[in-house]
Novice: 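For reference, the structure I am asking about is given below.
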Amino acid sequence: MENKEERPLNFIEKIIEDDLKAGRVPNDTIVTRFPPEPNGYLHIGHIKSICINFGLAEKYNGICHLRLDDTNPEKEDQEYIDSIKSDIHWLGFDWGKHEYYASDYYDQLYQIALKLIKEGKAYVDSLSAEQMKEYRGTLTEPGKDSPDRNRPIEENLDLFERMKNGEFPEGTYTLRAKIDMKSPNINMRDPALYRIKYADHPRTGKKWCIYPMYDFTHPISDAIEGITHSICTLEFEDHRPAYDWATSIDGIDHTPHQYEFARLNINYLLMSKRKLLYLVKNNLVSGWDDPRMPTVSGIRRRGYSPEAMKDFVSRVGVAKVEGVVDYSLMEFCVREDLNKRAKRLMAVLDPVKLIIDNYPEGKIEYFEAENNPEDPEAGTHKVAFTRELYIEREDFMENPVKGYHRLYIGNEVRLKHAYYVTATSVEKDTEGNITAIHATYDPESKGGTTPDGRKVKGTSHWVSASECISAEVRQYDKLFKAENPGAATGNYLDDLNPDSLIIIRDAKIEKEAATAKPGDYLQFIRNGYYMADSRDSSPEHLVFNRTVTLKDSWSKMKQKMGL
RNA sequence: UGGGAAGUAGCCAAGUGGUUAAGGCACGGGUUUUUGAUACCUGCAUCCGAAGGUUCGAGUCCUUCCUUCCCAGCCA
């Protein structure tokens, strides 16, 4: 990871340092919170928020709470709560004992609502949803007061009590804050505080049939928990006055402040819950944890590391500009991290037979293969070498193009860790497809160098035809082929990448691969980074997911040459 | 068109009136290399949305304009 010391402070860090310096922070301990609504799976966008909130607490010796914002029981579920917690832990953050739920505060919230009513600052409104919309006005026209706005306090108290007791059907009444129907900020035009909802709540069951709204719950929850810096995304800027209104209600003695940053957008990716849900529901992907999904569970299964994602988020920075980050930056971070830790293995994905004619039949030699050239501590493992091998089909060319320095008739290349070989001839089937390549090896070149020190330009990976294992390899690519899915036609489905998953059923892999478990970071040399699939891989049927390719300047060059 | 925000390279992003406008990604050139990977070296904004103005001096201050995003849930 790069020098944290040298990275300039972002605007939130500056605010915190100022607050700390000015003694505005109780006990000099900042308190942040990550407040997801448990209505879906966490995605890459959430990672930014998690890193900001937990990261700030870490950096300034503060505390970060996990608060499940569970005020809309219709959409929420325990399943989501569990996955959210597991995803945060995977990222390496821990809230310790500070696990809270907005629903923990329902009683307190109710008391505060009562108090507002008694003070004439809230009223029970009988306007229907449609009427309320009419009365609210528009962006350019002020709203007008509800006929119920001046309902007597006693009547409000009675009605609110009965709302709570379940005497009214959904939609008949709401509790509203009496603020200003003419405010240029629509959020201040008497926002709803409570609505009636007969739904089973994951935690409070049937205890309540009125549920508090975000603008009421969130600021007060922050205040109750002693949050000092309440950090959210830009679209809540307009809610800040409502936030400040709620936290200045009489009797609330802690005043948190809200700060907004730009959410994370990445090209080629879709982060909308609705659209992701559509992909899942219509089997366009295998589920929320499909390795092509931008969900935390998806990228985890794909083989991304939490360290890479944290580094990515830190490189993106925190600001108020709504931008779109290049997908390539994320891939860079994944490669950079995996390069340092992935175990190197040889896997031939598109095999063609290579027969070493002058190598004894039946002989097996074992070579030491380093597990990671970046990390000598990582040790070595053995690979078997025999007369018949597999190499990648694209590592041989019958008529080599300019600049090609892999195997062709008469050319000598190195087989990684093993010998120098020179191609001599090819076998073809009736259609002219190459079925085998014949070569000779130089016994003096054992280990990959020769006494005379002669160089070869190409080094290929390989696998012994008899001493290898077969595996399914899933070549994942971007789910969408357009930078901004849907921008061209208006329908993001039009930009689905038909090649986002290419399955190789019978890849040839060195035996060492059988020891790889999901969670182990692998590099198939010259092919990319891979991880055993956490759902489908088993000792009987190995399945590997491609996490990300290696950078490939050769294919770039080929493109330039028009091949 | 009301309100709230934001505009510095292809993409992020420092910069808070004073040398030739940080850094990363991407991209180009090169060196090393038993991964055409990695690593390393190197190039890449006479210019800061635009136009005026203040100033000895402006990306930084002022004015006007332009562009983009967010807000009219009894969602969060």
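Chain letters run A, B, ... following the sequence lines, proteins first, then strands; residues in each count from 1. Just so it is clear, the structure is predicted and the values come from calculations on it, not from any experiment.
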Novice: Given side-chain hydrogen bond (donor to acceptor under 3.5 Å, both in side chains), test A:Tyr441 with A:Glu412 step by step and report yes or no.
Specialist: CA-CA 9 Å; A:Tyr441 83 112; A:Glu412 184 174 53; over 6 Å; no

Novice: Report, as a single string ordered 5' to 3', how protein heavy atoms within less than 4.0 Å touch nucleotides 67-76 of chain B: B base, S sugar-phosphate only, - not at all.
Specialist: --SBBBSBSB

Novice: Mind checking side chain to side chain contact (heavy atoms under 4.5 Å, CB included) for A:Tyr80 and listing every partner two or more places apart, or none if nothing turns up?
Specialist: A:Pro38, A:Tyr41, A:Asp77

Novice: Counting the atoms with a prime plus P, OP1 and OP2 as sugar-phosphate, which does A:Arg406 contact under 4.0 Å by heavy atoms, base, sugar-phosphate, or nothing?
Specialist: base

Novice: Can you tell me, in whole Å, how much space there is between the P of B:A37 and that of B:G30?
Specialist: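 One P to the other, the span is 13 Å.
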
Novice: Using the P atom as the reference point in each nucleotide, state the distance between B:A76 and B:A9 in Å, no decimals.
Specialist: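 Result for the P pair: 38 Å, nearest Å.
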
Novice: Suppose we screen for side-chain hydrogen bond (donor to acceptor under 3.5 Å, both in side chains). Which residues come up paired with A:Ser183, at least two apart in sequence or across chains?
Specialist: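 A:Ser183 satisfies side-chain hydrogen bond (donor to acceptor under 3.5 Å, both in side chains) with no other residue.
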
Novice: Take atom CG of A:Asn339 and atom P of B:A39, then tell me their distance rounded to the nearest Å.
Specialist: 6 Å

Novice: Report which part of the nucleic acid A:Tyr404 touches: base, sugar-phosphate, or nothing (heavy-atom distance under 4.0 Å, all strands).
Specialist: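 If one applies the 4.0 Å heavy-atom cut-off, A:Tyr404 turns out to touch a base.
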
Novice: Going by the rule side-chain hydrogen bond (donor to acceptor under 3.5 Å, both in side chains), which residues pair with A:Glu392 if we only count those two or more places apart in sequence or in a different chain?
Specialist: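 Applying side-chain hydrogen bond (donor to acceptor under 3.5 Å, both in side chains) to A:Glu392 gives A:His461, A:Asn527.
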
Novice: Can you tell me how far C1' in B:A50 sits from the matching atom in B:C75, rounded to whole Å?
Specialist: 40 Å

Novice: Using a 4.0 Å heavy-atom cut-off across all strands, classify A:Val456 as base, sugar-phosphate, or nothing.
Specialist: nothing

Novice: Could you go over nucleotides 13-16 of chain B and give all protein N or O partners under 3.5 Å, atom names and distances?
Specialist:
{"from": "B:G15", "atom 1": "OP1", "to": "A:Lys14", "atom 2": "NZ", "distance (Å)": "2.8"}
{"from": "B:G15", "atom 1": "OP2", "to": "A:Lys14", "atom 2": "NZ", "distance (Å)": "3.4"}
{"from": "B:U16", "atom 1": "O4", "to": "A:Lys14", "atom 2": "NZ", "distance (Å)": "2.5"}

Novice: Please report, rounded to the nearest Å, how far the P atom of B:A5 is from the CZ atom of A:Arg263.
Specialist: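 Whole-Å distance recorded here is 18 Å.
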
Novice: Roughly how far apart, to the nearest Å, are B:A6 and B:A39 at atom C1'?
Specialist: 39 Å

Novice: Without placing hydrogens or testing angles, list every side-chain donor-acceptor pair under 3.5 Å for residues 554-563 of chain A, not counting sequence neighbours.
Specialist:
{"from": "A:Ser555", "atom 1": "OG", "to": "A:Asp552", "atom 2": "O", "distance (Å)": "3.3"}
{"from": "A:Ser555", "atom 1": "OG", "to": "A:Asp552", "atom 2": "OD2", "distance (Å)": "3.2"}

Novice: Considering only the P atoms, how many Å lie between B:A45 and B:G23, rounded to the nearest integer?
Specialist: 12 Å

Novice: I would like to know whether A:Tyr243 and A:Asp222 meet side-chain hydrogen bond (donor to acceptor under 3.5 Å, both in side chains); could you show each step before the answer?
Specialist: CA-CA 10 Å; A:Tyr243 187 95; A:Asp222 281 350; 2.6 Å; yes

Novice: The criterion is side chain to side chain contact (heavy atoms under 4.5 Å, CB included); which residues satisfy it with A:Val313, sequence neighbours excluded?
Specialist: A:Ile47, A:Lys48, A:Cys51

Novice: For A:Ala418 and A:Ser553, find the nucleotide of RNA chain B closest to each by heavy atoms; which residue's nucleotide sits nearer the 5' end?
Specialist: A:Ala418

Novice: Per the side-chain hydrogen bond (donor to acceptor under 3.5 Å, both in side chains) rule, what does the pair list look like for residues 322-333 of chain A, sequence neighbours excluded?
Specialist: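 side-chain hydrogen bond (donor to acceptor under 3.5 Å, both in side chains) check on residues 322-333 of chain A returns A:Asn267-A:Asp326.
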
Novice: Please state the C1' separation for the pair B:U35 and B:A14 - nearest whole angstrom.
Specialist: 36 Å

Novice: Within the structure shown, what part of the strands sits under 4.0 Å from A:Glu260 by heavy-atom distance: base, sugar-phosphate, or nothing?
Specialist: nothing

Novice: Please enumerate all residues that pass side-chain hydrogen bond (donor to acceptor under 3.5 Å, both in side chains) together with A:Glu170, with sequence neighbours excluded.
Specialist: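 A:Glu170 satisfies side-chain hydrogen bond (donor to acceptor under 3.5 Å, both in side chains) with no residue once adjacent residues are dropped.
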
Novice: Excluding sequence neighbours, so at least two apart, what forms side chain to side chain contact (heavy atoms under 4.5 Å, CB included) with A:His381?
Specialist: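 Applying side chain to side chain contact (heavy atoms under 4.5 Å, CB included) to A:His381 gives A:Lys343, A:Leu345, A:Ala369, A:Asn371, A:Val383, A:Glu510, A:Glu512.
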
Novice: Strictly under 3.5 Å: I want the nitrogen or oxygen pairs between protein and nucleotides 26-31 of chain B, one per line.
Specialist:
{"from": "B:C27", "atom 1": "OP1", "to": "A:Lys556", "atom 2": "NZ", "distance (Å)": "2.8"}

Novice: Going by the glycosidic torsion and a 90 degree boundary from 0, is the base of B:G30 oriented syn or anti?
Specialist: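 The base of B:G30 is oriented anti (glycosidic angle more than 90° from 0).
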
Novice: If I pick the C1' atom on B:A72 and the same atom on B:U8, what distance separates them, to the nearest angstrom?
Specialist: 35 Å

Novice: Tell me which pairs pass salt bridge (Lys or Arg N to Asp or Glu O under 4.0 Å) where either residue lies in residues 124-133 of chain A, with sequence neighbours left out.
Specialist: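 Residue pairs passing salt bridge (Lys or Arg N to Asp or Glu O under 4.0 Å), neighbours aside: A:Asp125-A:Arg176.
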
Novice: Expressed in whole Å, how much space separates the P atoms belonging to B:U38 and B:G24?
Specialist: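 Comparing P positions in B:U38 and B:G24 gives a spacing of 16 Å.
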
